[in-house]
Each structure stands twice: as C-alpha cells, then as structure tokens.
Amino acid sequence: MAIKFTYSAESGFETIPGDPLDQMVDPVEGTGGVPSNYIKSVYEYTYFTTTITIQGKYTDPMTGEFTYQNAVNHTTSFVWANHGLTYTKINGYTMKLEGPVTNVFQDQYYEFSLTDYSSQILPFDTTTPFWSLNRYEKPNPVLTEFLYPLTVTIPPDPNALIPSVNNTVEQVDLHQWVVWRYQTAINNILYLKTQGLK
C-alpha cells in the first residue's frame, strides 16, 4: 500500500527556471513526472494555495492495476505557522495548504547599524530603531527542500486476498522545493533604505 496525493484549486505557482521537479521521475509509477507527494515548487515569500486530496493506493493482484480509496484521517505535528503557512483539515481525506513560505534560508541575514552605534543582525522587518543597513548576505544554497510530515490513516486493502477490517496508519512526507528570489532581496534592501533614521 502507498499514499497518493492529488492537487486542485491551485494558485500562486510560477515557472521556476532550473526547478528540481523538472528532473524527477516517479519511482512508483516508473514514468516521467513528479511523485505525488511533491507539491509544486515556490519562491520564498510568494503566496500560494492548493487543496490536497489524500488516498490509499492499492494494487489489484489480478490485474496489477492500481485502485484508490479516500483516506480515513490525516494529522500533522508540523508547526506550519513557523514558516508562514496555514494547514486546514477539510475532512479525513482533504486538506488545504496556503501561505507564503517564510523563514526558509537561515543563513540569509541583514546587518544593521543601531542607534547605540553597535552592529546587529536582525530580520528585515525589524521594529528595532536603526541608522542604516550595513550588509545583506544572500543564502547559500539558494534552494531548499521542505518536508511536511503527515500521519495518514487509510482503509483496508480492498484487493487483499485475505480481507482485513483494520485501517493502516502511514507516516508520509509532503515535499516542496522553496527557491530564494533575487528580486525579493532587492525589494527588502530598498525598503530598508527608506526606514533607517540616518
């Protein structure tokens, strides 16, 4: 058994040059294309939304073809808000994920001259009074793969030779590539130039 994810009502996704998803092959289906547990890639700080349907994926032993049944339940312990995301459980087999992915590149920083003449690294949207921006350091690398862990409960295999009444609980990760955007950094720097006290 496996889990299949299907995406609908998508918005906010853009074509990303060099997107890692363009190079992927689905290891289960064995065909060109992205495995179903990969959400489309996004630029950091870009708002997106997608509705995700979760199904158990079963193999019919007689035909070798896949059959699908809606999941019974899904839960997560991931703290979505820490990265600007909102996870909404619609029902046992549907969820909605939205938001701009934030706090991705921890090695990206802004160094400020503060009013006490010290230098300090702060987030670009700091409320600390400062004279000026001294330095911006871009992240390296400029893309990262996020993992969103889910616990999914799926119904028993309808094709099993020995039928079961017990659901199966599976631990799965949704994956998403997040890409740093040069223009966002430029916009932040230009904004900060207008905010300094100097």
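Just so we're clear, the structure is a prediction, and the values are computed from it rather than from any experiment.
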Is the closest side-chain donor-acceptor distance between [X] and [Y] under 3.5 Å?
{"X": "E65", "Y": "Y58", "answer": "no"}
{"X": "N73", "Y": "K89", "answer": "yes"}
{"X": "Y110", "Y": "N188", "answer": "yes"}
{"X": "N159", "Y": "T67", "answer": "yes"}

Measure the spacing between [atom1] of [X] and [atom2] of [Y] and express it to the nearest 0.5 Å.
{"X": "F13", "Y": "F48", "atom1": "CZ", "atom2": "CZ", "result": "5.0 Å"}
{"X": "L174", "Y": "L97", "atom1": "CG", "atom2": "CG", "result": "8.0 Å"}
{"X": "T51", "Y": "K96", "atom1": "OG1", "atom2": "NZ", "result": "5.5 Å"}
{"X": "N37", "Y": "D173", "atom1": "CG", "atom2": "CG", "result": "8.0 Å"}

Which atom pair, heavy atoms only, marks the closest approach of [X] to [Y]?
{"X": "L192", "Y": "F124", "value": "CD2-O, 3.1 Å"}
{"X": "N91", "Y": "T94", "value": "OD1-N, 2.8 Å"}
{"X": "A185", "Y": "W180", "value": "CB-CZ2, 3.9 Å"}
{"X": "V152", "Y": "A71", "value": "CG1-CB, 3.9 Å"}
{"X": "T46", "Y": "G12", "value": "CG2-O, 3.8 Å"}
{"X": "I54", "Y": "M95", "value": "CD1-SD, 4.2 Å"}

Test side chain to side chain donor-acceptor pair (under 3.5 Å) applied to [X] - qualifying residues, sequence neighbours left out:
{"X": "Y7", "answer": "none"}
{"X": "S113", "answer": "N134"}
{"X": "D60", "answer": "none"}
{"X": "W177", "answer": "none"}

Between side-chain atoms of residues 14-22 and protein atoms elsewhere (two or more places apart, or another chain), which donor-acceptor pairs fall under 3.5 Å?
from : atom 1 : to   : atom 2 : distance (Å)
E14  : OE1    : R181 : NH2    : 2.7
E14  : OE2    : R181 : NH2    : 3.2
D19  : OD1    : L21  : N      : 2.9
D19  : OD1    : S41  : OG     : 2.8
D19  : OD2    : S41  : OG     : 3.3

Contact between [X] and [Y] at the side-chain level, heavy atoms closer than 4.5 Å - yes or no?
{"X": "P129", "Y": "L114", "value": "no"}
{"X": "Y38", "Y": "E145", "value": "yes"}
{"X": "P158", "Y": "Q69", "value": "yes"}

Under 3.5 Å donor-acceptor, [X] side chain and [Y] backbone:
{"X": "S164", "Y": "N166", "answer": "yes"}
{"X": "T102", "Y": "G84", "answer": "yes"}
{"X": "Q176", "Y": "K40", "answer": "yes"}

[X]: side-chain contact (heavy atoms from CB on, under 4.5 Å) partners, not counting sequence neighbours:
{"X": "Y47", "result": "T49, E98, P100"}
{"X": "T76", "result": "F78, W80, Y87, L150"}
{"X": "Y117", "result": "W131"}
{"X": "N167", "result": "V72, T153, P155, P156"}

Identify whether NZ of Lys or CZ of Arg in K57 sits under 6.0 Å from the centre of the six-membered ring of Y68 and within 45° of that ring's axis. no
Same apolar cluster: [X] and [Y], side chain cutoff 4.5 Å:
{"X": "L147", "Y": "V172", "result": "no"}
{"X": "V42", "Y": "Y182", "result": "yes"}
{"X": "V142", "Y": "I189", "result": "yes"}
{"X": "I186", "Y": "F112", "result": "yes"}
{"X": "Y191", "Y": "Y45", "result": "yes"}

What residue pairs, at least two apart or across chains, pass salt bridge (charged side-chain N to carboxylate O under 4.0 Å, His left out) with a residue in residues 100-123? none
Kindly state each residue pair satisfying salt bridge (charged side-chain N to carboxylate O under 4.0 Å, His left out) with at least one member in residues 125-144, sequence neighbours excluded. R135-E137
Let's go through I154 and E170 carefully: what are the C-alpha distance in whole Å and the side-chain angles of both, what is the deciding distance for side-chain contact (heavy atoms from CB on, under 4.5 Å) to 0.1 Å, and is it a yes or a no? CA-CA 8 Å; I154 57 175; E170 304 239 357; 4.1 Å; yes
side-chain contact (heavy atoms from CB on, under 4.5 Å) for V101 and F146? Distances and angles first, verdict last. CA-CA 10 Å; V101 185; F146 259 43; 4.1 Å; yes
Are Y93 and H74 near enough that their ring centres are under 6.0 Å apart? no
Test side-chain contact (heavy atoms from CB on, under 4.5 Å) on Q195 and F130 and set out the steps. CA-CA 8 Å; Q195 300 304 302; F130 64 92; 3.8 Å; yes
What residues join Y109 in its hydrophobic cluster, counting side-chain heavy atom gaps under 4.5 Å, either direct or through other members? I121
Check the pair F5 / Q55 against side-chain contact (heavy atoms from CB on, under 4.5 Å), numbers first and verdict last. CA-CA 7 Å; F5 298 93; Q55 296 178 303; over 6 Å; no
